[in-house]
Each structure stands twice: as structure tokens, then as C-alpha cells.
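We're numbering straight along the sequence, starting at 1. Here the structure is a predicted model, which is why all the values come from computation and not from measurement.
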Amino acid sequence: MSGARLLETKAACRKERQETMLEELKKRVYEANMLLPAYGLVTFTWGNVSEIDRESGIFAIKPSGVDYEKLTPEDMVLMDLNGNKVEGRYNPSSDTPTHLELYKAFPEIGGVVHTHSSYATSWAQAGRSIPCYGTTHADYIYGEVPCLRCLTEEEIADAYEKNTGLLIVDAFQKMDKEVMAVPAVLCKNHGPFAWGKNGHDAVHNAVVLEEVAKMAYRAETINPRIQPAPQELQDKHYYRKHGANAYYGQGKE
């Protein structure tokens with residue numbers, strides 16, 4: 001085989017591998033999006049999940065305003081990290097610029113989800129962070145789930161979704177916590193965003209967020225003078241599942 005022919009063959013193989021990878025990415029993102037109604041995290045078309053392939057710098061995201069029951073894997077929209085649509089017959093989610101800013105700022109994030117789940121959104125609308133009142137919260141989230149400020153009039157008027165992402169990025173860069181240790185945030189007067197190592201993991205964290213938001217609301221209703229769980233208990237439960245010395249579960253061979 002000639003040198004030129006060999007190069008053509010290698011290029012064709014690379015193209016085929018990338019096409020296969022992107023089809024698999026769209027399938028995973030479709031499946032992650034379908035978990036949102038399955039877990040009761042969305043009403044109508046409220047919500048979206050994305051996942052990024054870091055090697056190619058391409059992420060897939062739900063199209064804007066398309067009913068979940070009508071979605072197919074082929075409907076997922078492919079975007080690059082410059083905000084350009086790579087593939088898709090639909091417009092991407094209106095929250096795409098928020099996802100994009102998170103992917104650009106935090107390489108460890110592999111999936112992002114936004115919902116308007118009832119209890120988490122209620123805390124966001126109230127403008128309150130969710131304190132860590134117990135071990136369910138501590139197992140997954142280190143410390144409180146922060147509620148950020150509302151965007152300014154100028155930020156809302158100009159590039160609202162991008163500025164939402166920039167606000168989240170700025171807040172986490174200023175906090176003395178790893179972004180993956182607090183895999184969720186509340187945007188005041190808006191709702192929750194969560195993330196994880198991939199789209200499915202991001203949805204998992206969104207489900208946890210909704211449950212701890214519900215528990216915190218009920219706990220405060222039962223005892224208005226409730227205090228956060230002792231720090232040593234929070235540390236024990238978080239670090240037994242996370243970090244170098246984690247021992248929860250069966251481990252990896």
C-alpha cells in the first residue's frame with residue numbers, strides 16, 4: 001500500500017471512530033435526558049442534560065423546547081466549545097451557553113443538568129442556600145448547596161444564559177471547595193444546576209439535590225431551630241465515599 005493510500009485509510013478510520021463516538025455520545029445524552037421525567041425532575045420541557053467528549057471538545061445537549069416523549073437520540077444537538085453547532089436539525093437548549101461556560105472553566109466536569117425541580121427551585125426562589133442537616137446530604141455534597149445572587153439588570157439584558165454560567169464559575173472559583181465536591185448550585189429566583197463526571201452522573205446528583213432540598217424543608221418545618229449537622233459527622237460521611245481513603249461500597253479491583 002502506498003504512503004498516500006495508507007494516510008487516506010488512517011484518516012477514514014479516524015473519521016469512522018469519531019462518528020461512532022458522537023453517535024454513542026448522543027445516545028447517552030438522550031438516555032440521561034429521559035431520566036429527568038422518569039425521576040420527576042421536570043414538567044413539560046423544563047430541563048436539559050448535556051455531556052462532553054473532552055478528547056474532541058464536542059458536547060451533546062437536548063434541543064430547545066422539544067417534548068420529552070418526542071425525543072430520539074438523533075435529536076440531540078452537537079456543539080463545540082466555541083458555541084458553534086456541529087450537528088443537529090434543532091436549535092440547542094436555550095441554556096447551552098450556561099453549560100458551555102461550566103465546561104470551559106472546569107475540565108473535571110463531564111456532564112451538566114438544569115431542572116426546575118420543585119423543592120430545589122423553591123429554595124432558589126427563596127434565595128436560600130440549603131444547609132447540610134444530615135448524612136444523606138453529606139454523603140454526596142460537602143457542606144451547603146450555595147444559592148447565588150440574582151443577575152443584575154445588565155447581566156439579564158445582555159447574554160443572560162452566558163452570564164448565568166459566568167456567575168456560577170466565578171462563585172465556585174472564589175469558594176474554598178472543589179467543584180466536584182459541591183456538584184450543585186442554586187441560581188436565585190431561577191433554579192438548580194448540577195453536574196458530574198458524565199450526563200448520567202449529573203442527573204444522579206440532581207436527584208440527590210431534590211431529595212436533600214425536600215428533607216431540609218421538612219426538617220425546618222418540624223424544627224424551626226434546627227442546626228446543621230456537626231462538622232465531624234459531615235466529614236465522616238463525605239470522605240467515607242470520596243477521596244483517597246474512601247471505603248464505602250465494594251471498591252474497584
Just checking, any donor-acceptor pair under 3.5 angstrom between side chains of [X] and [Y]?
X: Asp75; Y: Thr72; value: yes
X: Tyr142; Y: Asp235; value: yes
X: Tyr133; Y: Glu220; value: yes

[X] side, atom [atom1]; [Y] side, atom [atom2] - distance, nearest 0.5 Å:
X: Phe44; Y: Asp67; atom1: CZ; atom2: CG; result: 9.5 Å
X: Glu161; Y: Leu151; atom1: CD; atom2: CG; result: 10.0 Å
X: Glu51; Y: Met76; atom1: CD; atom2: CE; result: 12.5 Å
X: Lys27; Y: Tyr30; atom1: NZ; atom2: OH; result: 9.5 Å
X: Ile52; Y: Arg54; atom1: CD1; atom2: CZ; result: 4.0 Å
X: Gln18; Y: Ser56; atom1: CD; atom2: OG; result: 6.0 Å

List the atom of [X], the atom of [Y], and the distance in Å for their closest heavy-atom pair.
X: Pro228; Y: Gln234; result: CB-NE2, 4.3 Å
X: Trp195; Y: Phe193; result: CZ3-O, 3.9 Å
X: Trp123; Y: Ala216; result: CZ2-CB, 3.5 Å
X: Asn205; Y: Pro183; result: ND2-CB, 3.6 Å
X: Ala32; Y: His200; result: CB-N, 4.1 Å
X: Ser122; Y: Ser118; result: OG-O, 2.7 Å

Quick one, [X] and [Y] - any side-chain contact, counting heavy atoms below 4.5 Å?
X: Glu101; Y: Asn163; value: no
X: Val29; Y: Leu25; value: yes
X: Asn91; Y: Val77; value: no
X: Trp46; Y: Ser117; value: no
X: Leu100; Y: Phe59; value: yes
X: Met79; Y: Thr96; value: yes
X: Tyr90; Y: Ser64; value: no
X: Cys132; Y: Ile141; value: no

request  = Over 60° means perpendicular and under 30° means parallel, so classify the ring planes of Tyr103 and His99, tilted if in between.
outcome  =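 If you compare the ring of His99 with that of Tyr103, the planes turn out tilted.
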inquiry  = For Glu31 and Arg28: C-alpha separation, side-chain torsions, deciding distance, then whether salt bridge (Lys or Arg N to Asp or Glu O under 4.0 Å) applies.
reply    = CA-CA 5 Å; Glu31 291 172 348; Arg28 290 196 304 273; over 6 Å; no
Using a cut-off of 6.0 Å, state whether more than 12 heavy atoms not belonging to [X] lie near its atom [atom1].
X: Gln231; atom1: CD; value: yes
X: Glu69; atom1: CD; value: yes
X: Lys236; atom1: NZ; value: no
X: Tyr217; atom1: OH; value: no
X: Gln173; atom1: CD; value: yes
X: Asp158; atom1: CG; value: no

Would a single hydrophobic cluster contain both [Y] and [X], if residues Ile, Leu, Val, Met, Phe, Trp and Tyr are joined by side-chain heavy-atom contacts under 4.5 Å?
X: Tyr238; Y: Val207; result: no
X: Leu166; Y: Leu148; result: no
X: Val208; Y: Leu233; result: no
X: Ile226; Y: Val145; result: no
X: Tyr248; Y: Val212; result: no

task = Report the C-alpha distance between Asn198 and Asp201 in whole Å, list the side-chain angles of each, state the deciding distance to 0.1 Å, and finish with yes or no for side-chain contact (heavy atoms from CB on, under 4.5 Å).
result = CA-CA 5 Å; Asn198 52 46; Asp201 190 45; 3.3 Å; yes
inquiry  = Would you say the ring centers of His204 and Tyr140 fall short of 6.0 Å from each other?
reply    = yes
ask   = Quick check, are the ring centers of His114 and His190 under 6.0 angstrom apart?
value =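 Distance test on ring centres: under 6.0 Å, yes.
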key: Residue of the set Asn189, Leu186, Val185, Ile130 for which side chain to side chain contact (heavy atoms under 4.5 Å, CB included) holds with Cys147   = Leu186
With a 3.5 Å distance limit and no angle check, can you tell me whether [X] reaches the backbone of [Y] through a side-chain donor-acceptor pair?
X: Asp95; Y: Thr98; answer: no
X: Asn223; Y: Arg225; answer: yes
X: Glu108; Y: Val179; answer: no
X: His237; Y: Thr136; answer: no

inquiry  = Walk me through whether Asp80 and Lys85 qualify under side-chain contact (heavy atoms from CB on, under 4.5 Å).
reply    = CA-CA 7 Å; Asp80 66 22; Lys85 184 164 74 170; over 6 Å; no
query = Passes side-chain contact (heavy atoms from CB on, under 4.5 Å), Val49 versus Ile61? Steps please.
reply = CA-CA 6 Å; Val49 184; Ile61 192 166; over 6 Å; no
request  = Using side chain to side chain contact (heavy atoms under 4.5 Å, CB included) as the criterion, list what pairs up with Tyr68, not counting sequence neighbours.
outcome  = Asn33, Met34, Leu36, Pro37, Val42, Lys62, Leu71
inquiry  = With side-chain contact (heavy atoms from CB on, under 4.5 Å) as the criterion, how do Phe106 and Val169 come out once you've worked through the C-alpha distance, each side chain's angles and the decisive distance to 0.1 Å?
reply    = CA-CA 8 Å; Phe106 303 114; Val169 169; 3.9 Å; yes
query = Is any side-chain N of the basic residue among Glu155 and Arg149 closer than 4.0 Å to the acidic one's carboxylate O?
reply =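 Yes, charged N to carboxylate O under 4.0 Å.
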inquiry  = Any carboxylate oxygen within less than 4.0 angstrom of a Lys/Arg side-chain nitrogen, looking at Glu87 and Lys26?
reply    = yes
